[in-house]
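Below, chain A is the first sequence line, B the second, and so on; all start at residue 1.
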There are 2 protein chains.
Amino acid sequence: MAMKAAGTDRPATIHDIAAICGVAASTVSRALSTPERVNIRTRARIEAVATELNYIPNIQAKALSSGRTGAVGVLVPDITNPFYFDLIRGTQLQLKAAGYTQLLVDTEESDEVEASSMEQLRKGADGIIVTASRLSDEALLSAAAKIPIVAINRDVPGVPAVVIDTPSATSQALDHLISLGHSRIAYVAGPVTSQSSTLRWDALAAAAEERGVDVRRLGPFAPKTQSGAAAADAAVHSGVTACIAFNDLIAIGMLQRLRERGIRVPEDMSVVGCDDIFGADFCNPPLTTMASPIEQAGRVAVSMLLAQLNPRGGGGTRNRSLMPTHLTVRGSTGMAPRAC
Amino acid sequence: MAMKAAGTDRPATIHDIAAICGVAASTVSRALSTPERVNIRTRARIEAVATELNYIPNIQAKALSSGRTGAVGVLVPDITNPFYFDLIRGTQLQLKAAGYTQLLVDTEESDEVEASSMEQLRKGADGIIVTASRLSDEALLSAAAKIPIVAINRDVPGVPAVVIDTPSATSQALDHLISLGHSRIAYVAGPVTSQSSTLRWDALAAAAEERGVDVRRLGPFAPKTQSGAAAADAAVHSGVTACIAFNDLIAIGMLQRLRERGIRVPEDMSVVGCDDIFGADFCNPPLTTMASPIEQAGRVAVSMLLAQLNPRGGGGTRNRSLMPTHLTVRGSTGMAPRAC
DNA sequence: ACGCGCTTGGCAACCGGTTGTCAGATGCAT
DNA sequence: ATGCATCTGACAACCGGTTGCCAAGCGCGT
């Protein structure tokens, strides 16, 4: 039985199995994918030989003939942004559990790279999960017509989405700052193409007006720690006593810059971040930030996508999911200077 | 010309192009992949039609018929470990530049997952880059016989590798600590299956003996910040005044724990990390650590792999590359308590 | 005018599976 | 014994390219 392995060293195919079992290749295919379609005895023989030959189906061939690739593309604007680590891990685990392969693509914060990646993936994947898409509504919508898509942190009617509810957490942050005596507050904006940043600002501006405090907008800034220096300087210059940053990267960068300039946090300036990324808890001072279950967001996105790919009987497919967000208070926020 | 787009909405194939141009499919294939094999005029026609039809070759089919998938697997033990961010970015950029696709796989620090991923990738990729492999020498060697492999931070004779020279940086760190007056030093070890950790310890122990100082080994510890607490406690209990940690994650975790316990860094205890990951510069205090060009390591690994895949005329293929490492001194190391 | 070699394009097999269709075998009722 | 439905497996087409081989067409030297 075991001696036949000596022959060819290349991976076994269904034809090898078929030859050994004395059946047709199609029978082997069915035995493996549609077991009930084949007599239990032949099936047993085939399965035995398959395991003995250490048979591994060729994914390429499978994809070519069946049209299903068993892969899902995950597009992120910047792999090195810690925010995406947990998200990626979430999608990776959930996809693996469902027997899918994850194709991770870094779109380099560019709408063009994003669009071409999608076009590429149209044949190379069964579906796409796109985070913080830089595409226009129309472009995203037309892409979604060609291949199943779930968007994360991008809300376009007609495109299933997982949205992390930072806008509402923004109000929490605002109340937190107000209760500490701050009345001159800045929103440190992210990229203009980021819908998240826009929505957050809208929510913040509305809440600020409601509460009668002065919130101004600074930026835009790139979502990197390096941008934090410029953001910090802008904040200082604007005379505010507290900032709500687009994300933790910028906030941490601001922390560094403020320290360099001898401006104490939180005594002279309070800083609130967003995302609660790796590092937010051990920077100096630890960052008050808006936290949310990022990994879970990834899992939910995968579930929604798989529901689209394999429509179940129970037609109730949710096409929008809101992830809760809460404020995590750490050391970077404190009483307003005047109030002391 | 443009009206034909109205017909089928599915992606164009070479057959569509062939039909329109009145040539055979094989000619189209050659025009696109072996341009010199085809008359310049027919080629021009074909290319024009191809762009007009927005033709995108089907990767699956290409892979199936040619045997080359155009993909490279990149295996990392833990996607959420910041050390790998820059590495992944390095491989991603270099692979994309060479027209390859990156398949990123999280092996969950498990040798079994790693082995099965490799087997899977044997058909799904042209080559594999494996970081910090948990596999045995034999297993890695036999895998390398089946598919081109480049290892990162894993040195097995016969397997091309990019090695980050942390062992030699370890001596620098030791001298740094000695010059600050430390004489009782601990090495906070990583996982037992990590070759890097072993090599680092060997180098450190040798250097310590040479210099006549006492260096003991603590651990092993998992390479996560959470392990830092146990590591910090072990270090305190062992009575050392300085630690060299397996990596920055552990070191940062130690910093947090030491702070909780009211032990000042660096006054009471000095801590040296390794890798200079995201966060090492803004933790509290900023971490003295051994830095190296990680992203470049990823690029080099890709270059070595591609050289294997497409053997050039100049046969001199390097199969081992050593990345330089240097000590970056920040705030987590200082004079030994006794010496003050 | 002939033979030669080079260029250029077509034919067909093949990569490794999937799937529609059909025929032989089997079992059961009539 | 005949008819009919059911089960089982084989055949072959197909997915979308690649590639070895062959032949027609061409220019050129003799």
In whole angstroms, how far is the [atom2] atom of [N] from the [atom1] atom of [X]?
| X | N | atom1 | atom2 | result |
| --- | --- | --- | --- | --- |
| B/I14 | D/dG16 | CD1 | P | 10 Å |
| A/R37 | C/dC22 | CZ | P | 13 Å |
| B/I46 | C/dG10 | CD1 | P | 8 Å |
| B/L53 | D/dG17 | CG | P | 12 Å |
| A/Q60 | D/dC15 | CD | C1' | 13 Å |
| A/R45 | D/dG9 | CZ | P | 9 Å |
| A/H15 | C/dC15 | NE2 | P | 8 Å |
| B/L64 | D/dC14 | CG | P | 17 Å |

Quick one: are [X] and [Y] in side-chain contact, heavy atoms under 4.5 Å?
| X | Y | answer |
| --- | --- | --- |
| A/D126 | A/P148 | no |
| B/I20 | B/E52 | no |
| B/L75 | B/M118 | yes |

Closest listed nucleotide, where the reference is the side chain of [X] and the choices are [options]:
| X | options | answer |
| --- | --- | --- |
| A/T27 | D/dT18, D/dG9, D/dC22 | D/dG9 |
| A/Y55 | C/dG9, C/dG17, D/dG16 | C/dG17 |
| A/S66 | D/dG17, C/dT19, C/dG16 | C/dT19 |
| A/T13 | C/dG17, D/dG9, D/dG17 | C/dG17 |

Give one of base, sugar-phosphate or nothing for [X], where a contact means two heavy atoms less than 4.0 Å apart.
| X | value |
| --- | --- |
| A/T34 | nothing |
| B/R41 | nothing |
| B/R43 | nothing |

* Under the 3.5 Å rule, do the base of C/dG20 and the side chain of A/R30 count as making a donor-acceptor pair? -> yes

Distance test, side-chain N/O of [X] to OP1/OP2 of [N], below 4.0 Å:
| X | N | result |
| --- | --- | --- |
| A/R68 | C/dG17 | no |
| B/S29 | D/dG17 | no |
| B/N39 | C/dT8 | yes |
| A/T42 | D/dG9 | yes |
| B/K62 | D/dT18 | yes |

Whichever of A/E36 and A/S26 has the more 5' nearest nucleotide on DNA chain D, that residue is A/E36

Per nearest nucleotide of DNA chain C, the residue lying toward the 5' end, B/V23 or B/S65, is B/V23

Item to check | Expected output: side-chain A/R122 to main-chain A/I147 donor-acceptor under 3.5 Å | outcome: no

- prompt: Step by step, would you call B/T34 with B/R43 a side-chain contact (heavy atoms from CB on, under 4.5 Å)?
  reply: CA-CA 10 Å; B/T34 327; B/R43 193 214 309 177; over 6 Å; no

From the list A/E109, A/E112, A/E114, salt bridge (Lys or Arg N to Asp or Glu O under 4.0 Å) partner of A/R134 resolves to A/E109

